[in-house]
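We name chains A, B, ... by the order of the sequence lines, and we start the count at 1 in each one. Just so you know, these numbers come straight off a predicted model, no measurement behind them.
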Amino acid sequence: MTLPIKPPPEGEFIEIYGQRWSRWAATLSARLDIVISLIIILAITAAFHLHFQLLAGDWDFWVDWKDRQYWVTLTPIVAITFPAALQYVLWEKFRLPIGATLSITCLLAGAWIARVFGFHLWSYFPFSLIWPVLMIPGALVLDCALVLTGNFFFTAVIGGMGFAVLFYPGNWPMLAAYHLPVEVMGTLVSVADYIGYAFTRTATPEYLRFIERGTLRTFGGHSAWVASAFSGFVCVLTYLVWWHIGMLMTRVTTLPNRWRAMFGMPDHQTAAVAPAEKTHEA
Amino acid sequence: MKRSQSHQRAVRWLFSLMCLMVAGPALAHGERNQEPFLRMRTAHFYDVKWSTDHIAVNEEVTVSGRFRLFEDWPANLPKPERVFIGNGTPGPVLARVESYINGSPAIQSGPLQLDRDYEFKTVLKGRIPGRHHVHPMVNVEGAGPLLGPGSWVEVSGDHADFKLPLTTLDGTQIPNLETWGVDMVVRWQGFWILLALVFAGWWLRRPLLMTRLRALEAGREDLLVTRGDRLWAAVFLTGTVLTVFGAATWAENRYPRTVPLQAGQFRVDPLPRNAHEITVKVERATYDVPGRSMKMTLTLHNPLSRPVQLGEFLTANLRFVNHAVPAAMALVDPRYPADIVPRAGLTVHDAAPLAPGETRSIKIEATDAAWESERLTSLLTDPDNRVGGLLFLFDDAGERHIANVSGAIVPVFTGG
């Protein structure tokens, strides 16, 4: 099907969301949707995965780092960032409440690509050691909270808390089997500990694991829930910050080129506008 | 299964070919790239043995030996307060089955003492076929990996045959740790990815960006998010929460006895030391750059009741052995990596045994191209220009005595 370049003849109009669209423009818009969506998906996958690798890193890479304390606290806090920013863009500009689900699913896809090609095929690590975490339940709650409240503050409070609190139980069906107790060389360890021990990470010795430190681990045996609650509180704040980062990223601001004047060249831009008008916002 | 394996193999080959186009082969771990002070003045490995140099997949090789944490530990490195007994291999090509330090399990890390000796043993199981360079290794927190000598171990067979079974304390049989729990990971994550697609698909099936933007600007939010959409979100929200907690409860019931990740430390005493030890003082040490020769004038004191002879100088895993001392030569296993046992050995200018109670100055020379090939001459560009190593002395009964040797070193650039 070829697109007509000239304007369509009379009568070829349709209504979308109460707005009048020519068929030609509607078709073009639909195609643009696909192109932009693909670009957004690739960009989010790459950027979010990089961000997550840098901040969650080893806690997400290895099964013997997935503890009840730091993994539970840190991972949701660094993972709620892109969902919040993307929720702003998609909700405020398009009323599309899929920002969190989209970004977290993209992150999971990126993580699996890295694990399969970088960790497993290239470096021989078994999947039992390197599977990535699941955060889709928390993302769904974030998006659903946004639809139901229509308000970023309540989404931050309800969704942000839900995002963190659902993290540990959402992963427990996968993780529980790795926390079975086992005796190795007369020492009690979990299966996850032994997997991390057996499949050598040459430059990552055991002591580098930042797990189960401090006094929280003795918190009545419920440190995961205490850590989840704390993480939820920080997630609420992080959400609010990143929602505003999303807002800033959608603002297009231009400034007059002062360098031309400083170098003695005529400044066409400032000459063309009123002297008092220094900043343009589009 | 066969098909997926052949597919995996094809992808791996494709990746390998792509990388071969831009990279040369990496034969070991860059151990020669470690700064000389790290290799000369931290952990000195000796008596290192590899039980075999060829195993099949699932067969085991044992690496054992001793190391001394050097007395003259570099001031810029943290002390060995948290140490892990590792193994230097190209990733998990061999599975570490067991490891011990002085007979105690070394699955976790722990503190060790300077100027003391430790015995280690690591049992490795063949996993990925190939020819792998295998080192004993000590990881010291803050100082990094300190590698012992490396030897090549050939692993033959097929990785698909590899198994690492385990029985847990509640009786659960794990057929292979490589694949344990992975099917649940795939099923559980696949289920949620499907749900995410269904949730997103509800919105994506309708016209998207430009059309929604125009409608929103025209104030038609009521058409963009309808009552049905809110109902859909409410159902999803409730379903998500119920599913998560339901599944977590199911997992709790299925695995009622679990333990957290273990973060304890081992405590182990060093090997006992002799009541009397030979002391060595470096009077002068030079490195003859054109001659590739380290020359040292040492003052040795023998507090023992037997005469001793200087048999070996060990530094940075290089073994300069005095060919004139049979007891020293007897400790050189013919299968020991030849590239780190310089042929010329150690020249001792005063070969007469050091009598009991005697103090004498002795000149030694360790000359070999290995100083260059092992990249130890970059010692001369270190800000902390000191040499360190162990001297092995043998009494007339063939018993070995170990002494530390360390001191400042001066380069000689003009030869002669």
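Of the atoms belonging to A:Leu180, heavy atoms from both backbone and side chain fall under 4.5 Å from chain B. Contacts of A:Val89 with chain B are absent, with no heavy-atom separation under 4.5 Å from either backbone or side chain. Of the two parts of A:Trp65, only the backbone, made up of N, CA, C and O, holds a non-hydrogen atom closer than 4.5 Å to a non-hydrogen atom of chain B. The contact between A:Ala198 and chain B is made by backbone and side chain atoms together, counting heavy-atom distances below 4.5 Å. Within the 4.5 angstrom heavy-atom criterion, only backbone atoms of A:Ser123 (N, CA, C, O) approach chain B. Neither the backbone nor the side chain of A:Glu15 comes within contact range of chain B, judged by heavy atoms closer than 4.5 Å. Of the two parts of A:Leu146, neither the backbone nor the side chain holds a non-hydrogen atom closer than 4.5 Å to a non-hydrogen atom of chain B.
Below 30°, between 30° and 60°, or above 60°: for A:Phe199 and B:Phe162 the angle between ring planes is above 60°, a perpendicular geometry.
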Q. Taking it one step at a time, do B:Ile107 and A:Tyr194 satisfy side chain to side chain contact (heavy atoms under 4.5 Å, CB included)?
A. CA-CA 8 Å; B:Ile107 192 167; A:Tyr194 190 62; 3.9 Å; yes
**Q.** Residues B:Tyr255, A:His179; criterion side chain to side chain contact (heavy atoms under 4.5 Å, CB included); working and verdict
**A.** CA-CA 9 Å; B:Tyr255 303 108; A:His179 280 248; over 6 Å; no
Q.
If you apply the rule side chain to side chain contact (heavy atoms under 4.5 Å, CB included), what do you find for B:Trp180 with A:Val191, and how did you get there?
A. CA-CA 9 Å; B:Trp180 175 245; A:Val191 171; 3.8 Å; yes
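Side-chain atoms of A:Tyr197 and B:Ser99 form a donor-acceptor pair, as typed in the model, at a separation below 3.5 Å. Checked by atom type, the side-chain pair A:Tyr124/B:Arg127 shows no donor-acceptor distance below 3.5 Å. A donor-acceptor contact closer than 3.5 angstrom is absent between the side chains of B:Gln189 and A:Trp131. For the residue pair B:Glu178 and A:Ser128, no side-chain donor N or O sits within less than 3.5 Å of a side-chain acceptor on the partner.
The distance from atom CG of A:Leu102 to atom CH2 of B:Trp203, rounded to the nearest 0.5 Å, is 14.0 Å. Distance check, rounded to the nearest 0.5 Å: CG of A:Leu175 to OG1 of B:Thr258 gives 9.0 Å.
Taking B:Thr172, B:Val235, B:Leu224, B:Val185 one by one and counting their heavy-atom pairs under 4.5 Å with chain A, the maximum is reached by B:Val185.
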